[in-house]
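One structure is given below, encoded as structure tokens.
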Amino acid sequence: MMRITGLRAVFIWCIWLGLIQFSVGGRVRHYKFDVEYMIRKPDCLKHVVMGINGKFPGPTIRAEVGDTLNISLTNKLFTEGTVIHWHGIRQVETPWADGTAGISQCAINPGETFNYSFKVDRPGTYFYHGHYGMQRSAGLYGSLIVDLPRGQNEPFHYDDEFNLLLSDFWHTSSHEQEVGLSSLPFEWIGEPQTLLINGRGQFNCSLAAKFINTTLPECKFKGGEECAPQILHVEPNKTYRLRIASTTALASLNLAISDHKLLVVEADGNYVTPFAVDDMDIYSGETYSVLLRTDQDSKKNYWVSIGVRGRKPNTPQGLTILNYKTISASVFPSSPPPVTPLWNDFEHSKAFTKKIIAKMGTPQPPKHSDRTIFLLNTQNRVDGFTKWSINNVSLTLPPTPYLGSIKFKLNDAFDQTPPPVTFPQDYDIFNPPVNPNSTIGNGVYRFNLGEVVDVILQNANQLSGNGSEIHPWHLHGHDFWVLGYGEGKFKHGDEKKFNLTHAPLRNTAVIFPYGWTALRFKADNPGVWAFHCHIEPHLHMGMGVIFAEAIHKVGKIPREALTCGLTGKKLVENGRY
């Protein structure tokens, strides 16, 4: 009798248990997620974190192009709602599954179960995370990998792969952070205590203690510790794909591997023209694939390091080890970890970002847009409270999800006046605002189906003092073309500099201090979509806008998505839609 072992056996068991079904065009993969708080030691100290099925980070989802993911999510939190956003998945024909509370669905109440069902239509490196309150800061995240269908090959060769999920971690709870951000006087969350690689970091010891100026002891692990680094074990002279995703709440990061080049081949699920670097900047919400060739001295081990960029760091590097299997993994590298570039060396950041161009064959942007929206990013006050605003409006989501209120014409659910499409041309971006006062709002930018939209993100000075922050902006439901970056205020004629021949497709793009970033997308996905700064406290403070397109084309929305606010009231009155 033939003996079935390994992955084949697991696959057959999954079919037998009903975890995988087959359908035309792909498999249906079933997952059961229980979201709950847990006590863990991600950085060697005991903390409460948010996890899934007893795991932190949550389980990795793996599928193939054309598969349908059916994820039954039960909220096992005691006193708060939850949702999960599938970051980078466009949700074509399933906008209600985007996982954005107040936008695409109601929050899932404690004890309730919501079924996410959607198709993954493109290969790439993605992730998922909480999109309610600041639950991403609490640890609600995990990896989502979409492979090509069997029989199809990537446009680059590799022998094996590793997954690196990067995050930042605080010793104050996300609830305490939320209260501080919404208080008078304002209390900022501060810099993270620890950087985590795959949910692991070290706060009370250092892997590189003998190389750096620190009072911390060298980490000594006996085996089984939750905070022990997840070591990358490699064979010499092989090529490895590193799938990298940043789910940080605040930190922009720089990643490097001692003495090894990184060949960038994928960004946000899109192939790019390959280019080699010694280190790379990764902003919150971004994903990459890089190829690593293990061609160095195989009698040594090497550091894998991440460090803070874009903010004055008060957080030690996150470290793990690249272990050549020819020697023991317990042997520490013989030299210091790579030095993270200076936090405010923005020229280094821009040089990396501008190297990212589309791979030949990538769809290119339409030559012209139908409309342009200018979005000024400013820090303001509303009734004395510190907020972030876009065109002087700080976003506050309504109790009724936009997807339901627009589809069923519940005009009292939110402000029907569209937000401003530009800002005063005499606004001085290099100084604090003359009038620091802003307003809250929940209006929507509406687009016709197929409309080509340009968005100019304009950065500016902070509320007081001198300074301008980095903001990574993420668009739900779409990829956009990054047409270009510029210094100072966007002006007439800058559009002539747009890259229309090899613009990269992304779902997250950074806006540098005192600069602008130009994006173009096609409104071809009926639904209501968030577009926001991916820094968690900034979004919490109002740094986002809402795009709606062709809602009349949206099909049947599951009843369970709309059981709150005015749509919930309508359900009670009518029994169903």
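Here the structure is a predicted model, which means the values were calculated and not measured. Along the sequence shown, residues carry numbers from 1.
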- [ ] Write down the atom of Val83, the atom of Leu140, and the distance for their closest heavy-atom approach.
- [x] O-CD2, 4.2 Å
TODO: Report the distance from atom CD1 of Ile71 to atom CZ of Phe33, rounding to the nearest 0.5 Å.
DONE: 5.5 Å
- [ ] Could you tell me whether the side chains of His471 and Asn377 share a donor-acceptor contact shorter than 3.5 Å?
- [x] no
TODO: Drop me the distance from Thr125's OG1 to Leu164's CG, to the nearest 0.5 angstrom.
DONE: 10.5 Å
- [ ] Would you indicate whether the side-chain heavy atoms of Val290 and Ile244 approach each other to under 4.5 Å?
- [x] yes
Task: Any donor-acceptor pair under 3.5 Å from Arg200 side chain to Ala228 backbone - done: yes
Task: Phe521 and Phe547 aromatic centres sub-6.0 Å - done: yes
Open item on the list: Let's go through Phe531 and Leu519 carefully: what are the C-alpha distance in whole Å and the side-chain angles of both, what is the deciding distance for side chain to side chain contact (heavy atoms under 4.5 Å, CB included) to 0.1 Å, and is it a yes or a no?
Closed with: CA-CA 12 Å; Phe531 182 44; Leu519 315 173; 3.8 Å; yes
Open item on the list: Salt bridge or not between Lys41 and Glu226? Use side-chain N to carboxylate O under 4.0 Å.
Closed with: no
Task: Where at least one partner belongs to residues 41-122, residue pairs that pass disulfide (SG to SG under 2.5 Å), sequence neighbours excluded - done: Cys44-Cys227, Cys106-Cys564
Task: Val92/Asp121 under side chain to side chain contact (heavy atoms under 4.5 Å, CB included): CA gap, chis, key distance, verdict - done: CA-CA 9 Å; Val92 176; Asp121 60 349; 4.2 Å; yes
Open item on the list: Could you check whether Glu161 pairs with Arg243 (Lys NZ or Arg NE/NH1/NH2 to Asp/Glu carboxylate O, under 4.0 Å)?
Closed with: yes
TODO: Find out whether Pro558 and Gln105 are in side-chain contact, i.e. whether some heavy atom of one side chain is under 4.5 Å from a heavy atom of the other.
DONE: no
Task: Electrostatic pair Asp147-Arg62, nearest N-O below 4.0 angstrom - done: yes
Task: Donor-acceptor under 3.5 Å (Asp159 side chain, Thr239 main chain) - done: yes
Open item on the list: Any carboxylate oxygen within less than 4.0 angstrom of a Lys/Arg side-chain nitrogen, looking at Lys119 and Glu93?
Closed with: no
TODO: For Pro42 and Val49, work out which heavy atoms get closest and say how close.
DONE: CG-CG1, 4.2 Å
Open item on the list: Would Arg311 and Glu191 count as a salt bridge (charged side-chain N to carboxylate O under 4.0 Å, His left out) here? Give the steps.
Closed with: CA-CA 9 Å; Arg311 305 181 63 84; Glu191 300 303 307; 3.0 Å; yes
- [ ] From the options Leu196, Thr194, Leu195, select the one residue that forms a side-chain contact (heavy atoms from CB on, under 4.5 Å) with Ser167.
- [x] Leu196
Open item on the list: Going by the rule side chain to side chain contact (heavy atoms under 4.5 Å, CB included), which residues pair with Pro57 if we only count those two or more places apart in sequence or in a different chain?
Closed with: Tyr141, Leu165
- [ ] Tell me whether the centres of the aromatic rings in Trp170 and His47 are closer together than 6.0 Å.
- [x] no
- [ ] Examine distances only and state if a side-chain atom of Thr315 and a backbone atom of Pro192 form a donor-acceptor pair shorter than 3.5 Å.
- [x] yes
- [ ] Could you tell me whether the side chain of Thr400 and the main chain of Gly565 form a donor-acceptor pair under 3.5 Å?
- [x] no
- [ ] Please confirm whether Tyr240 and Tyr158 have ring centers closer than 6.0 angstrom.
- [x] no
Task: Flag if over 12 foreign heavy atoms under 6.0 Å of CG, Leu397 - done: yes
Open item on the list: In this structure, is the centre-to-centre distance between the rings of His129 and Phe127 below 6.0 Å?
Closed with: yes
Open item on the list: So if I apply the ring-ring contact (aromatic ring centres under 6.0 Å, His included) rule between His534 and each of His131, His540, His476, His87, which one comes out positive?
Closed with: His87
Open item on the list: For a quick test of reading the model, state the closest non-hydrogen atom pair linking Glu469 to Trp388 and the distance between them.
Closed with: OE2-CZ2, 3.8 Å
Open item on the list: So, using disulfide (SG to SG under 2.5 Å) as the criterion, who are the partners of Cys533 when residues are at least two apart?
Closed with: none
Open item on the list: Could you check whether any side-chain heavy atom of Ile145 comes within less than 4.5 Å of a side-chain heavy atom of Ile61, counting everything from C-beta outward?
Closed with: no
Task: Residue pair Leu181 / Val179, side-chain heavy-atom distance below 4.5 Å - done: no
Task: Trp473 to Ile511 - nearest heavy-atom pair and separation - done: CD1-CG2, 3.9 Å
Open item on the list: Tell me whether Arg27 is salt-bridged to Asp67, with the criterion being a basic N under 4.0 Å from an acidic carboxylate O.
Closed with: no
Task: Beyond-backbone contact of Tyr271 with Val265, side-chain heavy atoms, under 4.5 angstrom - done: no
Task: Donor-acceptor pair, side chain of Tyr402 and main chain of Asn442, under 3.5 angstrom - done: yes
Task: Distance-minimising heavy-atom pair for Ala329 and His233 - done: CB-CE1, 3.6 Å
Task: Distance-only side-chain donor-acceptor flag, Gln135 / Glu80, under 3.5 Å - done: yes
TODO: If the plane angle is over 60° it's perpendicular, under 30° parallel, otherwise tilted; pick one for Trp86 and Tyr116.
DONE: perpendicular
Task: Donor-acceptor pair, side chain of Asn198 and main chain of Leu166, under 3.5 angstrom - done: no
- [ ] Would you indicate whether the side-chain heavy atoms of Glu286 and Arg506 approach each other to under 4.5 Å?
- [x] yes
